[in-house]
Asker: 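Dropping the structure in here first, questions after.
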Amino acid sequence: MVAKLFDAKYLDPYDHPPSYASHQYIRESSAYRYLIRHGLDQHIPRFYGSWSTIIVDTQGRQRSVRLILTEYIEGTDMAHLRPSDFSPNQRKDLLRQVVEAESRFYTLDLRHRDLVPRNVIVTETRRVVIIDFGLAFIGRSASDIYDFDDPEDLLDGNYISPIVRWWRAQDANDEWALSGWITWSWNQWLVDTWSSDIPDITPAMLKWLPSEEREKPFFYHLFNGCDRTSPKWYVAYKDQMRV
Ligand SMILES: Nc1ncnc2c1ncn2[C@@H]1O[C@H](COP(=O)(O)OP(=O)(O)OP(=O)(O)O)[C@@H](O)[C@H]1O
Ligand SMILES: [Mg+2]
C-alpha cells in the first residue's frame with residue numbers, strides 16, 4: 001500500500017495556506033470514492049480509505065494529519081520512464097489509455113486538473129493507472145470551454161469526444177507536448193483512433209476548441225457539406241478533412 005499524507009508542515013507557506021493540505025485531502029479522497037461509486041476503478045489504484053493521524057514532532061508538539069491508503073502500483077510514472085524505450089505503437093497505446101480514462105472521468109463531470117506524465121503510472125504489462133487527484137474537482141467549469149454564455153454550454157454528464165477535448169493547437173506546449181512521448185501527428189491520430197465518435201460531435205461541442213481551431217478543414221467539413229449519415233462518410237471525406 002501507499003500512504004499519502006497531506007501534511008501542511010511541508011507546504012511552502014508563501015504558496016499555500018495550511019488549509020490547502022486538507023483541501024487536497026478532501027479532493028483526492030472524494031475523487032477516489034466518486035470514481036469507484038461510478039464503476040471507473042479500472043483506471044485508478046485500489047482505494048483503502050482515509051484517516052486522520054497524530055504526528056508528534058521532535059519537540060513533542062502534536063499535529064493532526066490526514067492520509068489516504070491506496071494500492072501500491074508496481075510500475076513507474078511516465079515522468080521517470082524514457083519514451084525512447086517504447087516503440088511508437090506502444091506509446092500510442094499508453095496515450096490512448098490516458099485519453100480514454102480522462103474522457104470517462106470527464107463524462108462523469110470529474111476534472112483531474114493535473115493529468116501530467118508524473119501522475120500516470122505504467123505497469124510492467126503496460127497498463128496505465130492514473131493517480132494524484134489532489135486538485136480534482138467534481139463539476140464542469142466555465143474555464144473548460146472557450147465561449148461560456150450559459151451553464152448549459154457545459155453539457156454536464158455528456159461524453160465529449162477526445163477529438164474535441166484533446167485537440168492540440170499547433171503551438172501547444174503543455175507537459176505532454178514537451179515530454180517526448182508524442183512523436184506523431186497528434187490530431188490526425190485522435191481522428192483516426194476515435195473516428196467512431198465523429199457522427200456524434202455536435203456544433204455545441206466545438207466550444208471546447210479555440211475559435212481558430214474550429215476553422216480547420218476537419219471541423220469545417222464536419223458541419224459543411226458532409227453527409228454524416230452514410231456509414232463510411234469519414235473515409236470518403238478523409239482527404240478533404242485534413243487535420
Ligand atoms: N499508488 C501508487 N503506486 C505507486 N507509486 C505511487 C503511487 N502513488 C504515488 N506514487 C508515486 O509517488 C509520486 C508522488 O505521488 P502523488 O502524485 O500522489 O503526490 P503529490 O505530492 O500530489 O505529487 P505532485 O504534486 O508532485 O504531482 C508519483 O509521481 C508516483 O511516482
Ligand atoms: Mg503527483
Side-chain angles (χ1 to χ4, degrees), residues 1-12 14-16 20-21 23-32 34-36 40-48 50 65-106 110-137 143-144 162 165-187 189-190 193-194:
M1 284 188 202
V2 170
K4 180 166 175 179
L5 283 84
F6 299 80
D7 191 342
K9 178 176 169 164
Y10 298 103
L11 288 174
D12 182 339
Y14 294 103
D15 282 345
H16 302 291
Y20 189 74
H23 287 155
Q24 284 205 316
Y25 157 80
I26 290 166
R27 287 179 177 162
E28 184 140 22
S29 51
S30 306
Y32 276 118
Y34 183 77
L35 291 173
I36 292 163
L40 292 191
D41 33 336
Q42 68 272 37
H43 303 296
I44 54 179
R46 278 193 209 104
F47 178 69
Y48 298 116
S50 57
V65 172
R66 313 264 182 234
L67 68 95
I68 61 165
L69 292 180
T70 61
E71 171 191 13
Y72 175 75
I73 304 294
E74 292 276 357
T76 309
D77 70 71
M78 289 178 81
H80 289 95
L81 287 169
R82 247 201 323 242
S84 57
D85 289 342
F86 296 79
S87 71
N89 278 342
Q90 289 170 340
R91 277 182 278 124
K92 282 179 183 167
D93 185 61
L94 296 176
L95 267 296
R96 183 190 53 74
Q97 293 183 58
V98 171
V99 171
E100 229 157 65
E102 196 280 337
S103 302
R104 288 190 182 147
F105 298 166
Y106 196 72
L110 184 135
R111 291 178 293 140
H112 184 288
R113 302 204 311 149
D114 200 15
L115 191 52
V116 291
R118 70 174 187 282
N119 291 331
V120 177
I121 302 182
V122 177
T123 68
E124 282 291 304
T125 57
R126 292 198 291 277
R127 187 172 76 88
V128 153
V129 180
I130 313 282
I131 58 160
D132 193 358
F133 291 81
L135 291 180
F137 233 97
S143 64
D144 293 359
R165 288 195 52 252
W166 282 78
W167 186 267
R168 193 185 288 281
Q170 208 117 59
D171 54 356
N173 63 350
D174 56 73
E175 287 196 42
W176 289 107
L178 301 173
S179 64
W181 282 98
I182 301 162
T183 54
W184 58 89
S185 166
W186 177 260
N187 293 339
W189 174 75
L190 288 176
T193 308
W194 283 277

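When reading the values below, keep in mind they use all heavy atoms of this one structure, side chains included, and skip hydrogens, waters and symmetry mates.
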Asker: When you look at CD of E124, are more than 12 heavy atoms from neighbouring residues, nucleotides or ligands closer to it than 6.0 Å?
Answerer: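 Counting neighbours around CD of E124, 12 or fewer heavy atoms of other residues, nucleotides or ligands fall under 6.0 Å, so no.
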
Asker: Given 3.5 Å as the limit, does a donor-acceptor pair link the side chain of T76 with the main chain of H80, or not?
Answerer: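 Between the backbone of H80 and the side chain of T76 there is no qualifying donor-acceptor contact (under 3.5 Å).
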
Asker: Please report the closest heavy-atom contact between I130 and A101, naming both atoms and the distance.
Answerer: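 Reported closest heavy-atom pair: CG1-CB, 4.1 Å.
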
Asker: Give the minimum heavy-atom separation between G134 and R27, together with the two atoms involved.
Answerer: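 Result for this residue pair: O-CD, 3.4 Å.
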
Asker: Among R113, Q24, K4, H112, which residue meets the side chain to side chain donor-acceptor pair (under 3.5 Å) test with D132?
Answerer: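 Between D132 and the candidates, side chain to side chain donor-acceptor pair (under 3.5 Å) is satisfied uniquely by K4.
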
Asker: I'd like to know whether W176 forms a side chain to side chain contact (heavy atoms under 4.5 Å, CB included) with V120, so could you lay out the CA-CA distance, the side-chain angles of the two residues, the decisive distance to 0.1 Å, and finally the verdict.
Answerer: CA-CA 11 Å; W176 289 107; V120 177; 4.1 Å; yes

Asker: Answer with yes or no after comparing the ring centroid distance for F105 and F133 against a 6.0 Å cut-off, counting only values under it.
Answerer: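 Yes: the rings meet the under 6.0 Å criterion.
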
Asker: Indicate yes or no: at least one non-hydrogen side-chain atom of K92 is less than 4.5 angstrom from one of L95.
Answerer: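 A side-chain contact is absent here, since even the closest heavy-atom pair is not under 4.5 Å.
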
Asker: First locate atom CG of D77, then atom CG of N119, and finally report the distance between them rounded to the nearest 0.5 Å.
Answerer: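 Interatomic distance, D77 CG to N119 CG, rounded to 0.5 Å: 7.5 Å.
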
Asker: Answer yes or no: is there a side-chain heavy-atom contact under 4.5 Å between H43 and V128?
Answerer: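 H43 does not reach V128 side chain to side chain.
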
Asker: Side chains of H16 and H23, heavy atoms from C-beta outward: is any pair under 4.5 Å?
Answerer: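 No, their side chains stay 4.5 Å or more apart.
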
Asker: State the CZ-OG distance between F6 and S29, to the nearest 0.5 angstrom.
Answerer: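 Spacing of CZ (F6) from OG (S29) equals 7.0 Å.
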
Asker: Can you tell if the side chain of V65 reaches within under 4.5 Å of the side chain of K9, non-hydrogen atoms only?
Answerer: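 A side-chain contact is absent here, since even the closest heavy-atom pair is not under 4.5 Å.
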
Asker: For the atom pair CD1 (I182) and CG (D174), what is the distance rounded to the nearest 0.5 Å?
Answerer: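 Going from CD1 on I182 over to CG on D174, the span is 7.0 Å.
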
Asker: Using the ring of each side chain (for Trp, its six-membered ring), is W184 parallel, tilted or perpendicular to W189, with breaks at 30° and 60°?
Answerer: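 Because their plane-to-plane angle is over 60°, the rings of W184 and W189 count as perpendicular.
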
Asker: Can you sort out the partners of Y10 under side chain to side chain contact (heavy atoms under 4.5 Å, CB included), two or more places apart, ordered by chain and number?
Answerer: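 By the side chain to side chain contact (heavy atoms under 4.5 Å, CB included) rule, Y10 matches D7, R63.
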
Asker: With a 3.5 Å distance limit and no angle check, can you tell me whether W166 reaches the backbone of S103 through a side-chain donor-acceptor pair?
Answerer: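 It does not hold such a pair.
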
Asker: Mind listing the side-chain donor-acceptor pairs of residues 68-75 below 3.5 Å, one per line with the distance, residues two or more places apart or on another chain?
Answerer:
unit_1	atom_1	unit_2	atom_2	d
E71	OE1	R46	N	2.8

Asker: Would you say the side chain of R66 lies within less than 4.5 Å of the side chain of E28, judging by non-hydrogen atoms?
Answerer: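 Counting from C-beta outward, E28 and R66 never come under 4.5 Å.
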
Asker: Ignoring hydrogens, what is the shortest heavy-atom contact between G180 and P83? Give both atom names and the distance.
Answerer: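 Answer, listing the atom of G180 first, then P83: O-CB, 3.3 Å.
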
Asker: Rounded to the nearest 0.5 Å, what separates atom CG in L94 from atom CE in M78?
Answerer: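 Going from CG on L94 over to CE on M78, the span is 5.0 Å.
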
Asker: Checking side-chain polar atoms at under 3.5 Å, does T183 have a donor or acceptor matched by the opposite partner on R91?
Answerer: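 Judged by distance alone, the side chains do pair up.
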
Asker: Look up atom CZ in R104 and atom CG in L110, then write down how far apart they are to the nearest 0.5 Å.
Answerer: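 CG of L110 is found 14.0 Å from CZ of R104.
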
Asker: Do D114 and V116 touch side chain to side chain, with heavy atoms closer than 4.5 Å?
Answerer: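 D114 vs V116: side chains touch.
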
Asker: When rounded to the nearest 0.5 angstrom, what distance separates OG in S84 from CH2 in W181?
Answerer: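 Taking OG in S84 and CH2 in W181, the distance rounds to 9.0 Å.
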
Asker: Just wondering, do R96 and W194 contact through their side chains at under 4.5 Å, heavy atoms?
Answerer: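 W194 vs R96: side chains touch.
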
Asker: What are the two closest non-hydrogen atoms of Y32 and I131, and how far apart are they?
Answerer: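 The answer is OH-CA, 4.0 Å.
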
Asker: Indicate yes or no: does R126 engage D93 in a salt bridge with an N to O separation below 4.0 Å.
Answerer: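 Result for this pair is no, no salt bridge flagged.
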
